[in-house]
Amino acid sequence: MGYKDQQPTGNINEVSRIATGTVFKGEIESKSDIRIDGTFDGKINSTGRVVVGEGANVKGEIVCGDADIFGKVDGSINVKGILSLKSSCVVKGDLVISKLAVELGASFDGTCKMLSTKPVTPSVTTK
């Protein structure tokens, strides 16, 4: 197989990162995974996984495929896959998720709405 026959592939290990000590305000849109270890204020939109590290502080909105929360989040989190709230996390806000995993010790203050994979059928009343 020659060079021309090979399909271009993206690096599945690509991760965008906001390091400890970094303060970022604005909007991030990415198809790759994102890891926040610093301070972020704004909106994160990713089809990949978002990880909020233990020392991280996020204020705003997170929309992603999957998420692991170790640090602090103040805002809404919308996860199409699995949201994991780790024992060290403090989350204040609204969750819209498909699946939820919560470790003992995690702190959550807000509302949680589970997305349904089943179609909603209207109820029929008869007289």
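Note that the structure is predicted; figures quoted are calculated from it, not measured.
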With rounding to the nearest 0.5 angstrom, report the [atom1] to [atom2] distance, [X] to [Y].
X     : Y      : atom1 : atom2 : result
Lys80 : Lys99  : NZ    : NZ    : 15.0 Å
Lys92 : Lys72  : NZ    : NZ    : 8.0 Å
Ser84 : Glu103 : OG    : CD    : 7.5 Å

- Message: Counting only heavy atoms from other residues, nucleotides and ligands, does the tally under 6.0 Å from NZ of Lys86 exceed 12?
- Response: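 Result for NZ/Lys86: enclosed.
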Side chain to side chain donor-acceptor pair (under 3.5 Å) between Ser76 and Asp94, intermediate numbers included
CA-CA 5 Å; Ser76 63; Asp94 300 328; over 6 Å; no
- Query: Taking side chain as C-beta onward, heavy atoms only, is Ser88 less than 4.5 Å from Phe70?
  - Reply: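 Ser88 reaches Phe70 side chain to side chain.
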May I have all residue pairs that pass side-chain hydrogen bond (donor to acceptor under 3.5 Å, both in side chains) and include part of residues 36-46, sequence neighbours excluded?
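Pairs touching residues 36-46 that pass the test: Arg17-Asp37, Arg35-Asp37.
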Does anything in residues 45-55 form a salt bridge (charged side-chain N to carboxylate O under 4.0 Å, His left out)? List the pairs, not counting sequence neighbours.
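Listed by first then second residue: Arg49-Asp68.
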Under the 4.5 Å side-chain heavy-atom rule for ILVMFWY, direct or indirect, which residues accompany Val50?
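Members besides Val50, by chain and number: Ile18, Phe24, Ile28, Ile34, Ile36, Phe40, Ile44, Val52, Val58, Ile62, Ile69, Val73, Ile77, Val79, Leu83, Leu85, Val91, Leu95, Ile97, Leu100, Val102, Phe108, Met114.
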Worksheet item: For Gly81 and Ser98, which heavy atoms make the closest approach, and how far apart are they?
Response: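 Reported closest heavy-atom pair: O-CB, 3.4 Å.
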